[in-house]
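Lettering follows sequence order; numbering is per chain, from 1. Because the structure is predicted, anything quoted here is derived from the model rather than measured.
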Number of protein chains: 2
Amino acid sequence: MTKVKSRTVFVPPRRGRGTVDDPLSASGVRFTPQRRQVYEVLLSKRDHPTAEEVYLRAKSRMPEISLATVYNCLDTLVRASLVKQVNLNRTAARFCPNMNHHSHFHCDQCAEVFDIDGDAGTRRTAGRLPRGFKLRHLEMSLHGLCPTCAAKRQ
Amino acid sequence: MTKVKSRTVFVPPRRGRGTVDDPLSASGVRFTPQRRQVYEVLLSKRDHPTAEEVYLRAKSRMPEISLATVYNCLDTLVRASLVKQVNLNRTAARFCPNMNHHSHFHCDQCAEVFDIDGDAGTRRTAGRLPRGFKLRHLEMSLHGLCPTCAAKRQ
DNA sequence: ATTGAGAATTGGAATTATTCCAACTATTGA
DNA sequence: TCAATAGTTGGAATAATTCCAATTCTCAAT
């Protein structure tokens, strides 16, 4: 059943050290070696890895990093709006460093995830909300066949 | 890691017995007592219960029903397009018998889920897809504060 | 009606993804 | 330099869901 999680609220701006155009430090998150590593794993191969996959990739360059830390770092990055978390039906969450407006297309056949650019995912597409609702965030997810798998089905 | 699940493909039309306007039999799904019970639980209180909640409600009228069966029935109903499965971040899936076009608003405060009617969720809102993608299904989920919780924050 | 094949159900065990926890380490600001 | 706070670690715990093997049910053909 559901449990309320007490979680320290994300405290945004604190002093970072890195260059100004470094999104990690610019975001106000303290950039520890682990967080940087996790972020770089995401940036270097933008294939929407799961936490487990991020862990394996990060480990190859930083062998002592733990899975728990990867989860923590991903969580921090998501809260800092540097990374998007993509939730698909019944599978592990995936992570994506593309913060432009886009939606995700999930191929039912090969299970790959594709970024679909465009304004799907902007407030506009949400339509008119009934009075009183305060929208913070929206997410559009698409399902079907990717070009490759669609072609294979003649 | 991911595993490919072998699952019997859904076989639509078979002969049912119920009245023609009964969506369960009209859908071609064999309406077993358990499936009917699960479906009725969803229809009778449309508050997006989790599988566990459906199980508890169903059990009160059909004490021998098992949780595994509830999962099976929900799965069958979803495949038969009688029920929508709503996936929210990191929590149990929820189920919804409203098959009209609508999206789901998830209150970050009270965690309740609201149906938002309108064309968000129609193909149109997906925008233009790159060549080759075959869209089958789309889902829009909204996050923020529901009217009650928004008011409490004045 | 009887029967046999295929479906559905059951309870419990297993799995998967994620979170929790307590001990330890690193960093920051006074 | 030191205390306070934040972050990391490994392992244990939890939650949701799936799997499995045994049983029961249903349908259709005899």
(message) Using OP1 and OP2 only, check whether a side-chain N or O of Tyr71(A) sits under 4.0 Å from dT18(C).
(response) yes
(request) Output every pair passing salt bridge (charged side-chain N to carboxylate O under 4.0 Å, His left out) with a member in residues 142-154 of chain B, not counting sequence neighbours, ordered by first then second residue. (result) none
Can you give the donor-acceptor pairs under 3.5 Å from side chains of residues 54-63 of chain B to other protein atoms, not counting sequence neighbours?
{"unit_1": "Tyr55(B)", "atom_1": "OH", "unit_2": "Lys59(B)", "atom_2": "NZ", "d": "3.2"}
{"unit_1": "Arg57(B)", "atom_1": "NH1", "unit_2": "Asp47(B)", "atom_2": "OD1", "d": "3.0"}
{"unit_1": "Arg57(B)", "atom_1": "NH2", "unit_2": "Asp47(B)", "atom_2": "OD1", "d": "3.4"}
{"unit_1": "Arg57(B)", "atom_1": "NH2", "unit_2": "Asp47(B)", "atom_2": "OD2", "d": "2.9"}
{"unit_1": "Ser60(B)", "atom_1": "OG", "unit_2": "Arg57(B)", "atom_2": "O", "d": "2.8"}

When the side chains of residues 126-135 of chain A are checked against the rest of the protein, which donor-acceptor pairs come out under 3.5 Å, sequence neighbours left out?
none

Whole-Å distance between [N] [atom2] and [X] [atom1]?
{"X": "Phe95(B)", "N": "dA16(D)", "atom1": "CZ", "atom2": "P", "result": "12 Å"}
{"X": "Arg36(A)", "N": "dA26(C)", "atom1": "CZ", "atom2": "C1'", "result": "17 Å"}
{"X": "Asp75(A)", "N": "dC20(C)", "atom1": "CG", "atom2": "P", "result": "10 Å"}
{"X": "Arg79(B)", "N": "dA8(C)", "atom1": "CZ", "atom2": "P", "result": "11 Å"}
{"X": "Phe31(B)", "N": "dA7(C)", "atom1": "CZ", "atom2": "C1'", "result": "15 Å"}
{"X": "Arg30(A)", "N": "dT28(C)", "atom1": "CZ", "atom2": "C1'", "result": "7 Å"}
{"X": "Leu88(A)", "N": "dT17(D)", "atom1": "CG", "atom2": "P", "result": "15 Å"}
{"X": "Leu74(A)", "N": "dT19(C)", "atom1": "CG", "atom2": "P", "result": "10 Å"}

(message) Looking at Asn87(B), is its backbone amide N or carbonyl O close enough to the side chain of Arg94(B) to form a donor-acceptor pair, meaning the two atoms are under 3.5 Å apart?
(response) no
(message) If we ignore hydrogens and angles and just use 3.5 Å, is the side chain of Thr69(B) paired with the main-chain N or O of Ile65(B) as donor and acceptor?
(response) no
Between the protein and nucleotides 9-11 of chain C, list every N/O to N/O distance that falls short of 3.5 Å.
{"unit_1": "dT9(C)", "atom_1": "OP1", "unit_2": "Thr32(B)", "atom_2": "OG1", "d": "2.6"}
{"unit_1": "dT9(C)", "atom_1": "OP1", "unit_2": "Gln34(B)", "atom_2": "OE1", "d": "3.2"}
{"unit_1": "dT9(C)", "atom_1": "O3'", "unit_2": "Gln34(B)", "atom_2": "NE2", "d": "3.1"}
{"unit_1": "dT10(C)", "atom_1": "OP1", "unit_2": "Gln34(B)", "atom_2": "NE2", "d": "3.3"}
{"unit_1": "dT10(C)", "atom_1": "OP1", "unit_2": "Glu64(B)", "atom_2": "O", "d": "3.3"}
{"unit_1": "dT10(C)", "atom_1": "OP2", "unit_2": "Ser66(B)", "atom_2": "N", "d": "3.3"}
{"unit_1": "dT10(C)", "atom_1": "OP2", "unit_2": "Thr69(B)", "atom_2": "OG1", "d": "2.5"}

(request) Please write out which residues are connected to Leu145(B) in a hydrophobic cluster, directly or through intermediates, given that two of Ile, Leu, Val, Met, Phe, Trp, Tyr count as joined at side-chain heavy-atom separations below 4.5 angstrom. (result) none
(request) Starting from Leu88(A), walk the hydrophobic network (Ile, Leu, Val, Met, Phe, Trp, Tyr; side-chain heavy atoms closer than 4.5 Å) and list everyone else you reach, by chain and number. (result) Val86(A), Val113(A)
(request) State which residues pass ring-ring contact (aromatic ring centres under 6.0 Å, His included) with His106(A); sequence neighbours excluded, sorted by chain then number. (result) His143(A)
(request) List for me each residue that meets salt bridge (Lys or Arg N to Asp or Glu O under 4.0 Å) alongside Arg136(B), sequence neighbours excluded, and say none if there are none. (result) Asp108(A)
(request) Just report the end-to-end axis angle for the helix from dA1(C)-dT30(D) to dA30(C)-dT1(D), five pairs per end, to 10 degrees. (result) 30°
